[in-house]
Each structure stands twice: as C-alpha cells, then as structure tokens.
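Handing you this structure, nothing more for now.
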Amino acid sequence: MMDRWQYLLVLAACLAITAPLELFGPGVYRQPGRVARAVLPVAAVFLLWDEAAVAAHVWTYNPTYVLGAFVPVHVPIEEVLFFIVIPLCALLTYNAVSAILDRVNRR
C-alpha cells in the first residue's frame with residue numbers, strides 16, 4: 001500500500017528540501033506569474049509528449065507506484081506534478097545560487 005505513495009513522497013521531499021531556498025534573493029514563490037510563465041508551457045509540452053508515448057505503447061507507468069488518478073490525457077497525476085515540482089525546485093536552487101554568488105561577488 002505504501003508503494004503507491006512513493007512518487008508523491010519523493011516530490012514532497014524535493015519541495016521540502018528546497019523550500020528554505022526561498023529565503024535567498026527575490027524568491028520564487030513570491031513571483032507566481034514568472035514561475036507560471038517559466039514552468040507551465042514546458043510542463044504542457046512534456047505532458048503531451050508523455051501522453052503520445054503512452055498511446056504508442058513506448059512508455060508506461062507501473063501501477064504499483066502511482067495512486068491511480070489520471071488526468072484526461074491518461075497520465076498519472078504524479079507525473080503532472082513532477083513536471084511542475086521538479087522545475088520549481090530547480091528555479092528555487094538557481095535563484096538561491098544566483099543570490100549567493102551575487103553577494104560573494106560584491107565583496
């Protein structure tokens with residue numbers, strides 16, 4: 001039963017680990033419009049790509065590791081969240097590293 005939650009737990013862990021990075025620089029969560037413009041178009045492309053791969057029987061999801069909730073394009077909700085969470089974590093990391101490097105270079 002716990003196996004079904006693994007994908008979501010990993011995504012939650014990624015968010016939890018990178019959440020403190022919001023404290024550096026101008027923040028990511030404080031700029032939701034910019035985040036949406038950066039993440040959503042790319043997520044949409046990869047979501048369609050996944051759907052095409054699933055429809056062509058090139059790609060599949062192990063039902064043991066997903067909850068079984070699918071979006072209309074037959075992709076598990078965990079995969080949709082992956083396309084949002086991982087880029088968001090990357091933006092948090094990039095923002096923090098950029099802010100730290102700016103501070104170091106000002107010295």
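A quick note: this is a predicted structure, and the numbers were derived from the prediction, not measured.
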If hydrophobic clusters are built by linking Ile, Leu, Val, Met, Phe, Trp and Tyr wherever their side-chain heavy atoms come under 4.5 Å apart, do Val45 and Val75 end up in the same one?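 No: no chain of side-chain contacts under 4.5 Å links Val45 to Val75.
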
Ring pair (Phe, Tyr, Trp, His ring centres under 6.0 Å) partners of residues 82-107, not counting sequence neighbours, each pair once: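 Applying ring pair (Phe, Tyr, Trp, His ring centres under 6.0 Å) to every pair that reaches into residues 82-107, excluding sequence neighbours, yields Phe46-Phe83.
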
Closest non-hydrogen atom pair between Cys14 and Cys89, with its separation: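 In terms of heavy atoms, the two residues are closest at O-SG, 3.5 Å.
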
To check you understand the geometry: which heavy-atom pair defines the closest contact between Pro87 and Ile84, and what is its length?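 The pair with the smallest heavy-atom distance is CD-O, 3.5 Å.
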
Assigning hydrophobic clusters by single linkage (Ile, Leu, Val, Met, Phe, Trp, Tyr; side-chain heavy-atom cutoff under 4.5 Å), is Leu88 placed with Leu40?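 They do not share one cluster, since no chain of ILVMFWY contacts under 4.5 Å joins Leu88 to Leu40.
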
Please determine whether residues Val54 and Val71 belong to a single hydrophobic cluster, defined as Ile, Leu, Val, Met, Phe, Trp and Tyr linked transitively by side-chain heavy-atom distances below 4.5 Å.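 Both belong to a single hydrophobic cluster.
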
Just jot down the side-chain hydrogen bond (donor to acceptor under 3.5 Å, both in side chains) partners of Asn105, sequence neighbours excluded, or say none.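 Applying side-chain hydrogen bond (donor to acceptor under 3.5 Å, both in side chains) to Asn105 gives none.
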
Could you list the donor-acceptor pairs under 3.5 angstrom formed between side-chain atoms of residues 24-39 and any protein atom two or more places apart in sequence or on another chain?
| from | atom 1 | to | atom 2 | distance (Å) |
| --- | --- | --- | --- | --- |
| Arg30 | NE | Glu22 | OE2 | 3.1 |
| Arg30 | NH2 | Glu22 | O | 2.6 |
| Gln31 | OE1 | Arg34 | NH1 | 2.9 |
| Gln31 | NE2 | Gly27 | O | 2.6 |
| Arg37 | NH1 | Gly33 | O | 3.3 |

Kindly indicate whether the side chain of Leu21, heavy atoms from C-beta on, has any atom under 4.5 Å from the side chain of Asn95.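 With C-beta onward as the side chain, the pair stays apart.
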
Can you pull the side-chain hydrogen bond (donor to acceptor under 3.5 Å, both in side chains) pairs that have at least one residue in residues 65-77, sequence neighbours excluded?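 Found none.
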
Write out all pairs satisfying side-chain hydrogen bond (donor to acceptor under 3.5 Å, both in side chains) with one or both partners inside residues 54-63, taking only residues at least two apart or from two chains.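 Every pair satisfying side-chain hydrogen bond (donor to acceptor under 3.5 Å, both in side chains) with a residue in residues 54-63: Asp50-Tyr61, Trp59-Tyr61, Asn62-Thr64.
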
Is any side-chain heavy atom of Leu8 less than 4.5 Å from a side-chain heavy atom of Val66?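 Heavy-atom side-chain distance check fails, nothing below 4.5 Å.
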
When you group the ILVMFWY residues by side-chain heavy-atom contacts below 4.5 Å and let the links chain together, are Val42 and Ile86 in the same group?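 Result: yes, single cluster for both.
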
With sequence neighbours excluded, residues passing side-chain hydrogen bond (donor to acceptor under 3.5 Å, both in side chains) with Glu79: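 Only Tyr7 meet the side-chain hydrogen bond (donor to acceptor under 3.5 Å, both in side chains) criterion with Glu79.
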
Please determine whether residues Leu48 and Phe70 belong to a single hydrophobic cluster, defined as Ile, Leu, Val, Met, Phe, Trp and Tyr linked transitively by side-chain heavy-atom distances below 4.5 Å.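 Different clusters.
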
